[in-house]
Every structure is written in structure tokens, then in C-alpha cells.
Amino acid sequence: MTVGARPCVPDERRDDVDAEVQFHLEARIADLVADGLAAEDARARALREFGDVDDARRYMRGVDRRVQAAGRRERYVDDFRRDLAYAVRRLRAAPAFAVTAVLTMALGIGANTAIFSIVNGVLLRPLPFHDPDRLFAVYSSNRTGGLLQASVSAVDLDDWRAERQSVEDIGGYLYGEGSTGVDLSGRGDPRRLSAVFVSPGFFSTLGVVPQAGRLPREDEMVRGGHDTVVMLTAGFWTREFGASPSVVGSTITLNGVPYHVLGVLPEHFRFPTGDADVFVPYSTIPDSGIPRIRPVRVLSVIARAKPGVTEEGVVAEMMGITGRLAARYPEDRAWDAATVVPLADVITGPVRAGLLVLAGAVGLVLLIASVNVAVLQLARAMGRGREIAVRLALGARRGRLVRQLLTESLVVSLLGGAIGLGVAKLGIAGLLALSAGQLPRAADVVLDTTVVSFALGVSLASGVLFGMVPALRASQGNAQMVLHDTRRSVAGPGNQRVRAVLVVAEVAVAMALVVGAGLMSRSFMALLDVDTGFRPDHLLAVQFTIDADRHGAAWPAPATASAPRPLGSPFSLYYEQVINEIRTLPGVVSAAAVKDPPFRGNGERNGFTLPGRPVPAGEDPPTATVIHISDGYFATIGAKMVGGREFTAHDRSDSPPVVVVNEAFARQFFPGDRAVGKALLLGRNVPVEIIGVVNDIRQVAMAEPARPTMYLSNLQNSRVKTTIVARTSGDPLAMANAVRQKIWAIDPNQAITSVFTFDDAVSRALARPRLLTVLLGAFGLVGLALGVVGIYGMLAALVNERRREIGVRLALGARPSQVLMMVVRRGLALATGGVVIGLAAALALSRFLVSVLFGIRPLDPLTFVSMAAVLLAAAAIASWLPARRAAALDPVETLRND
Amino acid sequence: MDLLQGTLDVLVLRALARGPRHGYAVSRWVRERTGGALQIEDAPLYKALRRLEEAGCVSASWGASEHNRRARYYRLTVKGRQRLRAKESAWRRYAAAVFDVLSS
């Protein structure tokens, strides 16, 4: 057939109009001459009768152009409609192929859409504040101490706020999950509300607009002002007050004091948490709770740059201010810098790497799915080779055929996409459930138009991707050959080679995925194997905060004020009473108390000195984490004393002050020496004896080794924040009510903050890596399955196509086992090619996993080798099935059927 | 005598009512039927043919003329036939009304 021999369209059109006019004039002249006119006169008259020839030509050409364009459009739509009907007919004629292909695509597109909706909600969508890219988190930095992202002192923040220039607004907040709260009373059972304590500038920096009432004025958020005001979150307003507008302006009792309800925050406002009930001025925290002095750094700080001010501008300004403060105040001497981070990075930082890894992995799954469908289509092309050859021979244009075959692919991928949206909807729900509240901005994860457009785009792209190769291959058939030999098809050796390449590619991508999944699982197992330093089973935790007014004032300040002795801790009575009562409960094996349970609080941080090792002038003393515990705490949680003893009921405020340190502390400060019996100088150089060394207990996160830690007795250094830990003989949660009742029997007004099990705390600490492991594992399995199916399909088709050849071999005396091995070898050759390429790709890609892996190296050889073995084994099984069928062929039968 | 608006279209459609003709044949038919009473130039006639083609009232294709020359033949479509009937009866009513007024 000839292609491209048609004349250019514009020339043809000019010829058409000219020819028509020419024909008219010549015919008229001929008629006039026949009537007896002279040729010259006839010509002149014909032209005169015609009128404006050029104008007519122009007009005619314009119309021709439009008519032709409309015709092309119509043909195109007609063709498309025909192609669509044809595609649907072809798919219905091959339901097995159609269902397999559509479901494969649904899986691939659905998984991608689900992951994309999370990436979109968490990473891509701007924070729900106006001009969110002008928002930054600001930290105090102590460069000599290596503390770059420390919390900020409320006193420093006041100075930052006063001296700011290129920063439009700056504010701070104090929030800890399960640890910052206020007691609500006067409305049924006393309850602990989750509270965020905010400083002036917090709301204005974010640009929050309340949905009811008003925000606190600046003078309502400072000491001495009328600061007993409260903002309700939308959730709490609805839960507690049924969203009644009359609450605004009324008064509720928090911590026993009437607070004025100023307003309600908007529904979408979830910063810094979606779990808060109320926002209260930071100024309401008394000095007895958190002293308002420079060295006490507890606030998180957010700042908004003025329009046009860059991140560098904010950094420069904050460095300037902190430098001046460090020069002015000795307490700030070492804190002469600030760290500035875009707020979006702070919020999504912990999950960014994991999400990007997932997005990459799920993209690979789609790639395998697409290639798989392409291979299926190529195999099908065999069946239609004759039909296509006939059409080519009859003069069908190749472009039309490609379009027709592509239409079929697009129908498959769009159907897959439609079902994929359903898959995505289920997937999103499952993912959010699996993420167990450890995913920031989870509320922003929705199936919106962006996500649906993404699914549509991915469907179209993958349809073209997996449709192009088969369409181009199929339309390249040699008409002569096919018509000549009806047995052969255009899906001949060339087709097989293309399919082989695709299968190898598929196996290679599957290999990379499986290695990723393997690395992640090994990392997760390493995480599970982490020795937390305690036994989390059968441990119940009940958190509450002691009301110092009713049970006696707390110890005035952290260790800075830990002198002079004796140090009465009036509410230690209450404290001991509660623990002792709970210890009497049947079903409770032992009980103790701690201020910061593992994974639920980082503890405090205090400086100390060692006798005989004075701190050089100009340097800060060493610091360590401080955790306040009761007697019997280590025994209760199942930690081991490495040396010495833990606190007993005899370590009280009137006995010598003592401390237990962990192994990390002993290693760092008493290397090669016994720590037990040594003394530390705490606070104003009060000597405190180390009575024991306990094994390291993971505190902050599963993947983070224990920091050097000092454990102080809560009878010698009390804290109002308390968690009762009880080891139970049965299900710990079943004891929760009995424990609560014991507490209420002593103080009926004691609000309970939360009740949880240590198993749950550990499980939540593992939620993110578990989610990542489960998903990568699932993607790896899907990749493996699709890759293996690809090999199987390829070999099954091969055996089918070469029946005659195999029959001849068998007839000539080849043993069935030889035929079997021939097919298996072919499958393993394909798989080996894929595995080798895939391993190389995995080597290159594994560095992206560095930030999400724990305990193993990204080039972990064991993972690479074992995953390659798994893939090859699966490939062997996939090859064996068609091989067995080949070996079982009856040579007589195959030859006769020919 | 000048042509009233739209008259040319109806004349062209009528010229094609008996079967396909090329442009010159349409021109000759109109000239003969009007006996020269209407001064019709060929340029607007061809423009009318194209206009009717774009409107879907006539279709065109190339064929051989009576002297075996390549000529572009126009033929009425179904839509063109309907248009002719409608215009024809409108014209008859119009002409009758004007005639009535003038002869009263």
C-alpha cells in the first residue's frame, strides 16, 4: 500500500476553485462563439457576466476550507464511535482477557490514586492558613551544646516579639499529646480537657478567623490582664454544647476557676493538633507549674514573615535578636542563635520521606500492571493478526489501525480507572485506619477533584503506555506472509521478542519493588526486635494531673530550686495513698507512678555537675533527661537494675536525696567505672547519691536509643503530672475501671486525662513504620504476582504457538523431560534477565530508603540475595506449569490438527 | 431589475430540482428562464452555491461534463429539497399578496 502519495491539501483546494471557475468561463466562451461572437468579444462578455472573479474565488475557498475541516471532524468522531463499539465488541468476545486486564489496571490505578490522595492531602495541598508559605517555625539554638531545634523560653519570646521588624507576627504555644490539659468541672463528672496553651500572637500569626465570637485580645493573654478566657475548638463545641451559639459569652469552670468563653475556632483549624478541646492563654500557667524564667524553654514558636521577606530574611532577623539577647542576659549566653524552618516542613517532615517512597513504589506497581496488560494484548494480537493483515491488504491506513487498537487499550484503562476509584476509596479508609492517628493532616486526605483528575490522567497515560507497543506491533504485519500461510500470524518471532523484552522489564521492576519491600520488612523486624528496656504486656496506664491547690503545692521549680532541704512535698501523701490503694486491687500484680511514660513524653532536661569535675568558665554544665518516678517503677514495667537498687518507700523528702541513672548515663559520665555510690550535684550544688543503674529504656521513639537519663524520686521531686502504671494478671484494660474507682474513692473530683495500655503505646510508636512496611510489602507482593503472571502468560502463549514444533521434536524422539526443561529454561532465562536488571535498579534506588530504614543498611546483601531467590523460585513455578503442558503434548494429535 | 434578498438561493435550488448540474449549467438555466429580465452575475451565483453547500442544502462532487471536461456537479440534498419547498411556497404567497395589492 502507498502512504504519503496524496497531494497537499491546500494545493488541491486552489485547483478545485480555479478549475471550477475556469470551466465556467471556457464553457461560456464556447457557447458565445457558437452563437457567432468573435473570440475576443466572447471572452470579454463572459468575464463581464461573471462579475468579481477574485471575490468569488476568495469566498469559495473559505467555504471549502470550512467544509473540509467539518468533514474531518465528523469523520474523526465517527471513527471514534466505530472504534469504541468495535473495542467493546472485541472485549466482550474475550471476557477472560477483558476482566484480567481491567482488574489489573483497577488495582494499579486504585493503589496509585489512594497513595496520591494522601500525598496530595498531606504534602501538596497548602496548609489551611492564608499565605502559608510565609509561616515558619522558630527554635532556640545552642550551637555549643548541639541543640539546634530547642523549644523557646516564654521570656525570650516576649523579647523576640518586641524586637521583630521583618517578621510580621510571632507567637508560641505549649501542647503535648495527653499531657497539656485543664480540668473541666461543674458539668457532670470532672474531666480533663486537652488544652493548647497559647501566647499573644499565636492566632494572629496563623490568621485564624473564629466561626463564632471573637479571639482574645492581646491584653487578655498576658499576666495581670483578664486572661481567664478560653477559645473552644469546633469539635469540643459540638460534642460538649451541641454547637449552641449561646455558649459564647458564657462561663465554664476550668481548673476550678471561671473562664470566659470568647469564641469558637473554625472547623478546619487543626493546628497544632486535631485533638485539642480548648485553647487557653499561656499566661494562666502559674510559676508553680512552669516558672517564667529564661532557662525554662517549653514553647513551640511560629512566625509569619512580612510580605516579600524570604526565609533568609527571617533567619537574619532571628539571628540578630537572639545574638543581642545572648549578649544582654547571662542565662541566654549559650543560646545565641535561632533555627527557622518552613512550617509546612515541620508539620509534614516526619512522614515526607515515607510518603515519597510509597509514591515511588506504587508508581512502579502501575508500571508493572501496564506492562502486564501490554503483554496480554500482544498475545491476543496473534489471534487478530490475520484480520489486521487483511485490512492492511485492503488499504486500511496504519494510523487508523493504531488508533483503533489504542481505543481498545483506553477502554480497558478507563474502565480500570473507574473501578480503581472505588479501590482508592476503600484504600484511603484502610490507610487512615492503619496510620492510627500518626499521619499529620489526615483530615485533608479526601477524594476531591484533584484526586479524580489524577486518576483520570493516570488511566489515560497508562492506557496509551500499554496500548502503544501492541498497537504499533500489530499494525506492522506483513500482509503477504499472513495471507500466504494461514497458520502463521503476525505475532511471529518478532512479536515474541517484544513480549520477552516486556516480561524482562516487568520482572526487573518487580525485583526492585520486592527488594524495597524486603528491606522495609527487615527494618521493621529490627524495630520489633528493639529491646525497649521494659515488658509492655499487661501494663495499664492511667494518667491524671494532681490539683496542687487541693492536695498541696508542688515542688516549686525544677532542679534549679532543689535546695534547701528538707523539701516538703505536701501532695506526696495523696500520691502514695493512690498508689498504695491501687496495689491492693486484686488482679494488680504491682503498681507505680511515672511522670513521662515511654513513648508518651520526653521527660525534662536538666543540667548537673560532677564533684571534682568543675565546669570550665563560659561553658554550660552537662545535661541529661530527667524522669520522675515512684518506688517500684522499674520492677513494675519489667526493667532490670544493672547495679544498685531502685527507689523504695524509704526514699522520701526527709531522707537523703538519691538518683537512679540509666546505662547510657553511666557509660557517658562514668566510663569504665562503677556509677553506683557516686554523687551528682543537682540544682544549687546539692549532692545526690546514685543508688542504682537501670538498663536503657526507650523513651522518645522506638528507633531512638535512650539518652543519658536521671530518674528522680517523685517523693523527693514531685510533679503534678502523673501516670499510674499497673501490671495486671489479666487483660489490663479490664482493670481500668477498678483503678479509676480507687482514685475517685480518694478524690471524687480527680479528673482522669487518659487510660491506655503500654502495648498500645508501643503499637502507636510503631504505627508509621508498620504502615510503610505493610504497604511496601503489599506493593512488593502485587509486583511479584504480576511479574510471575507475566512469565506464565508469555510461556503459555509460547507453548501454544510452538505446538507443532514441539510435536515434531517429540515425534522425532525427544523425551518429555527434555521438552519440559526447554520451556523451564526459557522462563528462567527471562526471569534471570529481569532479576539482574532489577537488582541493579534496586541498588540505585535503595538510597531513597535510607531515611526510612532502621537497623539495616540499604544495601543489605541478605535482602538482595534472598529476594532474588524468591523471585527466581516463583518464576520457576510459573514456568513449570506451561512446561508440563508442553511435555504432555501428544505429537500425533498436534501434527494431525495442523 | 435587482434581486430581492434570498431570491438567488431559491433560484439556484430550483435549478437543481431536476437533477445534478454543474455551476455553468445552473447559470445558463437561470439566464434562460428569466429571459434576461434579471441581471444576475455569475460571481454571486457561485457564492450562493457555496453558501448552500456549507448549509448542507446541496452537495458537490466532481464529474465529467457533456464535452467530457472535469466539472463540479451540485445536487440537492434532502435538506435542500425541504428548503426549496418551503421557500417556493413562501414566495408564491408573497407574490400573490403583492399581486393582489397591485391589482386591486
Side-chain angles (χ1 to χ4, degrees), chain A residues 6-37 39 41-75 77-78, chain B residues 1-3 7-9 11-12 15-16 20-77 79-80:
Chain A
R6 285 148 51 96
C8 283
V9 175
D11 290 334
E12 190 182 37
R13 191 162 55 231
R14 184 167 303 130
D15 285 352
D16 272 6
V17 170
D18 283 345
E20 191 173 8
V21 172
Q22 192 69 27
F23 169 78
H24 174 98
L25 293 175
E26 279 169 14
R28 182 64 182 150
I29 291 168
D31 278 359
L32 290 172
V33 167
D35 286 351
L37 257 72
D41 296 341
R43 178 168 191 79
R45 175 147 167 213
L47 280 171
R48 195 172 59 247
E49 281 176 356
F50 200 94
D52 190 342
V53 178
D54 285 341
D55 174 62
R57 277 204 189 111
R58 238 187 337 268
Y59 185 86
M60 290 160 78
R61 280 190 191 125
V63 172
D64 280 3
R65 214 163 22 240
R66 285 200 296 276
V67 167
Q68 280 184 15
R72 267 199 305 276
R73 261 198 310 276
E74 202 170 312
R75 253 196 320 281
V77 172
D78 268 7
Chain B
M1 200 167 147
D2 287 335
L3 279 181
T7 314
L8 196 52
D9 285 5
L11 290 179
V12 168
L16 295 173
R21 289 172 194 270
H22 49 68
Y24 178 60
V26 173
S27 160
R28 212 171 47 198
W29 185 88
V30 171
R31 190 169 290 117
E32 282 165 7
R33 288 303 165 104
T34 56
L38 299 176
Q39 289 293 321
I40 302 175
E41 288 189 328
D42 294 313
L45 194 121
Y46 275 95
K47 283 161 84 171
L49 279 168
R50 280 294 194 283
R51 189 162 57 241
L52 289 167
E53 187 183 345
E54 193 173 14
C57 292
V58 304
S59 63
S61 58
W62 288 89
S65 76
E66 47 275 30
H67 304 298
N68 223 13
R69 298 272 317 275
R70 225 168 76 87
R72 200 166 191 251
Y73 278 84
Y74 296 87
R75 116 187 22 243
L76 277 190
T77 62
K79 192 176 168 193

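A note on names: the letters A, B, ... follow the listed sequences, proteins ahead of strands, and every chain is numbered from 1.
Summarising the geometry of A:Phe50 relative to B:Pro44, their closest heavy-atom pair is O-CD, 4.4 Å, with the distance given to 0.1 Å.
B:Arg50 places a side-chain heavy atom less than 4.5 Å from the side chain of A:Asp64. Contact annotation: the side chain of B:Glu41 never approaches that of A:Asp52 to less than 4.5 Å [non-hydrogen atoms, C-beta and beyond]. In this structure, the side chains of B:Tyr46 and A:His24 come closer than 4.5 Å at one or more pairs of heavy atoms. Side-chain contact check for A:Asp16 versus B:Trp62: some heavy-atom pair is nearer than 4.5 Å.
If you measure heavy-atom distances from A:Tyr59 to chain B, the contacts under 4.5 Å come from the side chain alone. In this structure, no portion of A:Gln22 lies under 4.5 Å from any heavy atom of chain B. For B:Arg31, the part lying under 4.5 angstrom from a heavy atom of chain A is the side chain only. Looking at B:Arg70, the atoms closer than 4.5 Å to chain A (heavy atoms on both sides) sit in the backbone and in the side chain alike. In this structure, the portion of A:Arg48 lying under 4.5 Å from any heavy atom of chain B is its backbone and not its side chain. Only the side chain of B:His22 has a heavy atom closer than 4.5 Å to any heavy atom of chain A.
Rounding to the nearest 0.5 Å places CD of A:Glu26 at 4.5 Å from CZ of B:Arg69. Of the inter-residue distances, the one linking B:Arg72 atom CZ with A:Glu20 atom CD reads 5.5 Å to the nearest 0.5 angstrom. With values rounded to the nearest 0.5 angstrom, B:Ile40 atom CD1 is found 11.5 Å from A:Glu49 atom CD.
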task: In sequence, state the C-alpha distance, the side-chain angles, and the governing distance for B:Glu54 and A:Arg66, and then conclude on side-chain contact (heavy atoms from CB on, under 4.5 Å).
output: CA-CA 8 Å; B:Glu54 193 173 14; A:Arg66 285 200 296 276; 2.5 Å; yes

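A salt bridge is defined here as a Lys NZ or Arg NE, NH1 or NH2 lying under 4.0 Å from an Asp or Glu carboxylate O, and A:Asp31 with B:Arg28 meets this definition.
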